[in-house]
Structures are given as C-alpha cells and as structure tokens.
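I have placed the structure first, in the form of structure tokens, so that the comments after it can refer back to it.
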Amino acid sequence: MSKRKGTGDSENPNHDLCEFLTELADYERNVSKNIYKYNAYRKAASTLSKLPERVKSGAEAKKLPGIGEKIAKKLDEFLKTGKLQKLEEIKKDEGNVVISQLARISGIGPSKAKELFDSGIKTLDDLRKHPDKLTHHQKLGLKYFEDFEKKIPRKEIEEIEKILKESINELDEKYVITICGSYRRGKEESGDIDVLITHPNYTSGKDSKKQSQFLKSVVQCLEKRKLITDTISLGGTKFMGVCRLPSDKKGPFRRLDIRLATFDQYYCAVLYFTGSDIFNKEMRAHALDKKYTLNEYTLKRLTPEGVPGDAEPITCEEDIFKIIEFPYKTPEERNE
Ligand code: 8DG
Ligand code: CA
Ligand code: CA
C-alpha cells in the first residue's frame with residue numbers, strides 16, 4: 001500500500017471534512033492499530049469526497065453509505081466548531097505525532113514506528129544518525145522520504161509506461177504488461193506505480209523454480225535501461241523498488257512495484273491490483289453473497305459447506321463480474 005491516500009482535490013466541497021476523517025484513519029492505523037476503525041473512517045471520507053455539494057449536517061450525512069451515528073456526530077462537531085476535540089487531543093501527544101510521522105516512511109509500520117519512538121527517536125534526523133536500527137527497505141524509505149511523499153503526475157507514469165513496454169518487449173515480445181493501481185483507475189496523480197506482467201509460458205501448472213527467471217530478467221533489463229535505480233526486494237513473483245525517468249536526472253525517485261502473475265490467472269490479478277482496495281472489499285463481499293470466493297489469483301465456487309471448487313475459467317475482467325452477477329464497472333468507476 002502506498003502511504004498517503006488522497007481525498008483532497010481542491011474542487012471537493014467537503015475537502016476539510018475528508019481531511020479530518022483521513023487524519024483519524026491514519027491515527028487508528030498507525031497508533032491504535034485498529035484496522036476496523038481505519039477502514040471505517042476511510043470509507044466515510046471516500047463517500048464524502050464524491051459528493052458534488054457540501055454536507056450540511058451529520059443527520060444528512062448519515063443517509064450516505066459508510067456513515068453511521070458516531071461519524072455523523074463528529075461531522076456535526078466539525079461543522080459547528082471548525083475542529084474536532086478528539087483530534088486536538090491526539091495531536092497534543094508527542095508520541096502520537098512522532099509515531100504517525102515515522103509510519104509514513106516506506107517499510108516502517110506502526111509497530112516499528114513505536115519501537116523507534118520508545119528508543120528515543122523523535123525526528124527523521126535522529127533516524128538518519130541511526131541507520132543500524134533500519135532494514136534495507138527502511139533505509140531506502142528514509143533516503144527517499146521526501147520524494148516518496150510526492151504524488152506522481154499521470155503524464156510521468158505515461159512516459160514510464162512507454163519505456164517499460166518498449167524495453168520489456170525488446171527482451172521478449174510475448175510479455176503482457178499492465179500498469180494497475182490508481183493509474184488504471186484514471187487518476188490524475190498516483191502514490192506509486194503498480195506494474196503487473198505475465199507471459200504465455202508462465203502458467204500456474206508448471207514448475208515454479210524454472211520460472212523464477214521471468215521477473216529477474218525483466219528487472220535486469222529495466223536496470224540496464226536506467227529506469228530502475230534501487231531494489232528493495234526481489235522474489236520470484238514480486239519486485240519492490242525505486243525508479244526514475246532516465247531523461248530527468250534531477251527528477252524525483254518513485255516507488256515501483258512489479259508483480260508477475262501466471263497467464264491463466266492474469267485477469268484476477270489485474271482486477272485485484274487495479275483496486276481500489278475499498279472496491280475490492282465490496283466486490284469480494286458480493287462474491288461471497290453469491291457463494292463464490294475471489295482473490296488475486298482465482299474465482300472459485302463454494303459448496304454449501306463453504307469448500308472452494310475448481311477455479312472458474314476467466315478470459316477477461318468482465319467474466320468475473322458476469323459470473324458473480326456484479327454490474328460491470330470500468331476501472332474509472334472503481335474509485336470507491
Ligand atoms: P495510490 O498508490 O495512488 O495511493 O493508490 P492505489 O494504487 O489504489 O493503492 P496501492 O496501495 O498502490 O495499492 C494498489 C492496489 O492493490 C489497490 O488499488 C488494491 C490492491 N490492494 C488491496 N489491498 C491491498 C493491500 O493491503 N496492500 C497492497 N499493497 N495492495 C492492496 O486491495
Ligand atoms: Ca502499490
Ligand atoms: Ca498505487
């Protein structure tokens with residue numbers, strides 16, 4: 001997951017409300033480690049960010065999906081006083097502020113952030129003096145902290161897409177390459193770049209050891225092309241790393257993920273990595289209602305006892321929607 005979630009376009013008439021809900025969400029994730037509340041606040045912020053007009057009251061907002069009694073009350077307080085007491089209290093505590101800041105570093109989660117704070121780390125500069133406390137991933141997260149906080153304009157991802165496709169298809173023209181995530185959902189800017197690739201010779205039936213070369217050769221090729229600058233981690237099916245446009249030696253470094261999916265499972269993977277994650281949750285819940293189980297690999301029918309059967313044959317994203325009788329949504333309509 002990339003760390004900053006935007007609900008704050010300046011045209012959004014509920015911008016300030018979305019912002020305080022997102023702050024509460026981050027607090028619940030990073031400090032309380034309450035993922036349930038984290039998701040509830042994010043869902044509410046996402047609902048409000050799509051409204052064409054300003055919300056007038058908590059009571060009005062309560063009619064919308066994902067907004068219940070407690071959030072409605074907070075909206076009322078904010079609409080009346082311009083702030084939220086709960087959030088003011090949270091921000092008074094140094095530990096909360098430091099832990100939230102540290103948890104924004106790529107590779108540092110809530111537990112590690114707390115551990116660092118407990119060991120006396122208060123600022124990014126403190127942390128720079130103690131690289132011994134950090135893993136390889138966390139060191140890179142700290143090194144590129146400012147760049148990774150910056151959103152990536154769509155135009156830049158389009159350029160990166162061109163280079164990716166050209167270089168990988170020079171290596172082997174049979175590779176299929178899709179940039180997923182918020183970019184595929186049509187967003188004007190993204191937190192990171194999520195690339196999904198497959199190859200017709202890479203299928204779920206085969207010996208996976210022999211196949212581990214696919215991703216490695218792709219990464220090598222992009223390193224040679226000077227697009228990939230750092231590797232955070234590289235396994236058989238997942239690369240996490242850093243890239244930069246080779247033409248822009250002064251430009252920001254960007255987080256780049258590349259995943260290799262098997263050819264027969266490609267569309268479940270495309271659907272999953274396109275997201276949004278809130279949309280994915282809703283779609284998986286709908287699948288369960290229809291007695292199917294859906295994940296990033298397969299769609300399987302469940303027996304009355306709840307045991308998954310064979311994978312359904314899938315030839316495009318639409319197949320998945322059709323089978324579970326979920327009205328088709330284009331990627332642009334999945335910004336839930
Ligand atoms: P952004 O990077 O512009 O902030 O947005 P994004 O592209 O939607 O988010 P992401 O964090 O990069 O995740 C990419 C997709 O992966 C997401 O849209 C849906 C899928 N996904 C989930 N759950 C999770 C998860 O827990 N971790 C990660 N890394 N991805 C997830 O549905
Ligand atoms: Ca990502
Ligand atoms: Ca992304």
Side-chain angles (χ1 to χ4, degrees), residues 1-9 18 22 25-26 28-30 33-36 38-39 42-43 45-46 49-50 103-110 137 140-141 144 147-158 160-161 164 177-197 228 231-235 237-243 252-261 265-288 293-299 317 320 329-336:
M1 300 278 273
S2 62
K3 296 229 165 183
R4 301 239 85 195
K5 293 289 163 185
T7 39
D9 329 11
C18 292
T22 304
D26 285 346
E28 294 298 343
R29 179 184 61 179
N30 296 331
K33 297 192 214 167
N34 187 329
I35 293 302
Y36 175 82
Y38 163 68
N39 282 325
R42 273 199 325 151
K43 168 80 199 180
S46 160
S49 75
K50 285 199 283 290
R104 269 161 51 188
I105 300 170
S106 182
I108 297 190
H137 182 177
L140 287 173
Y144 296 126
D147 279 357
F148 290 174
E149 289 271 295
K150 293 179 190 143
K151 290 280 191 178
I152 314 169
R154 188 166 187 84
K155 275 262 170 314
E156 183 177 331
I157 304 188
E158 282 167 1
I160 290 174
E161 182 174 32
L164 269 169
I177 304 146
T178 312
I179 302 194
C180 299
S182 48
Y183 175 74
R184 187 158 181 261
R185 301 198 309 275
K187 290 278 183 179
E188 272 312 308
E189 34 179 47
S190 296
D192 65 0
I193 304 162
D194 302 295
V195 180
L196 191 66
I197 59 172
I228 289 180
T231 296
I232 293 171
S233 61
L234 174 58
T237 59
K238 187 173 176 193
F239 164 84
M240 289 173 71
V242 187
C243 72
F253 290 88
R254 311 298 198 182
R255 274 282 293 110
L256 171 70
D257 288 335
I258 306 176
R259 292 184 194 76
L260 175 67
Q265 298 177 338
Y266 195 58
Y267 295 102
C268 281
V270 167
L271 177 71
Y272 178 84
F273 290 113
T274 297
S276 72
D277 62 337
I278 293 179
F279 171 79
N280 286 352
K281 278 193 191 90
E282 288 175 0
M283 188 150 170
R284 281 196 301 265
H286 180 90
L288 279 180
T293 171
L294 173 65
N295 61 25
E296 63 182 278
Y297 307 107
T298 53
L299 174 67
E317 278 189 312
I320 306 168
K329 286 194 156 79
T330 64
E332 290 81 6
E333 292 166 337
R334 300 179 205 162
N335 283 305
E336 188 25 75

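When a ligand or atom number is given, it counts from 1 through the structure's own listing order. The shown structure was predicted, so the numbers you read here are calculated from the model rather than taken from an experiment. The basis for the numbers below is simple: all heavy atoms, side chains too, and nothing from hydrogens, waters or symmetry mates.
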Handout entry: ligand 1 versus T274: contacting region, heavy-atom distance under 4.0 Å
Key = backbone

Handout entry: Closest D194 atom to the Ca ion (ligand 3) [N, O or S only]
Key = OD2

Problem - Under 3.5 Å: donor-acceptor pair, side chain of N280, backbone of Y272 - result: yes

Fill in the blank from the handout: Scanning both residues in full, the closest heavy-atom pair of Y38 with A25 reads CD1-O, 3.3 Å

Exercise for the section: Would you confirm whether E333, through its side chain, and T330, through its main-chain N or O, come within 3.5 Å as a donor-acceptor pair? Expected result: yes

Exercise for the section: Run down the list F273, Y272, F279 and name the one with the heavy atom closest to atom 31 (C) of ligand 1. Expected result: Y272

Exercise for the section: Could you say whether the N/O atoms of R185 and ligand 1 ever approach to under 3.5 Å? Expected result: yes

Problem - SB check R334 E317 (cutoff 4.0 Å) - result: yes

Exercise for the section: Report yes or no: does S46 contribute a side-chain atom to a donor-acceptor pair with the main-chain N or O of R42 at less than 3.5 Å? Expected result: no

Practice task
Mark up the atoms of ligand 1 that fall under 4.0 Å of a heavy atom belonging to G181, in ascending order.
Solution key: 7 (O)

Handout entry: Check: Y183 main-chain N/O paired with R154 side-chain donor or acceptor under 3.5 Å
Key = yes

Problem - Proximal ligand 1 atoms for S190, defined as those under 4.0 Å from one of its heavy atoms - result: 3 (O)

Fill in the blank from the handout: With heavy atoms and a 4.0 Å threshold, my read on which part of D192 contacts ligand 1 is both

Practice task
For the pair E296 and K238, find out whether any cationic side-chain nitrogen is under 4.0 Å from an anionic carboxylate oxygen.
Solution key: no

Exercise for the section: Classify the contact between S276 and ligand 1 as side chain, backbone, both or neither, using a heavy-atom distance cut-off of under 4.0 Å. Expected result: backbone

Practice task
Report yes or no: does R254 contribute a side-chain atom to a donor-acceptor pair with the main-chain N or O of D192 at less than 3.5 Å?
Solution key: no

Problem - Region of N280 that comes within reach of ligand 1 [heavy atoms, distance under 4.0 Å] - result: side chain

Handout entry: Side chain, backbone, both or neither: the part of K281 lying under 4.0 Å from ligand 1 by heavy atom
Key = neither

Exercise for the section: Measuring from the Ca ion (ligand 3), name the closest N, O or S atom belonging to D192. Expected result: OD1

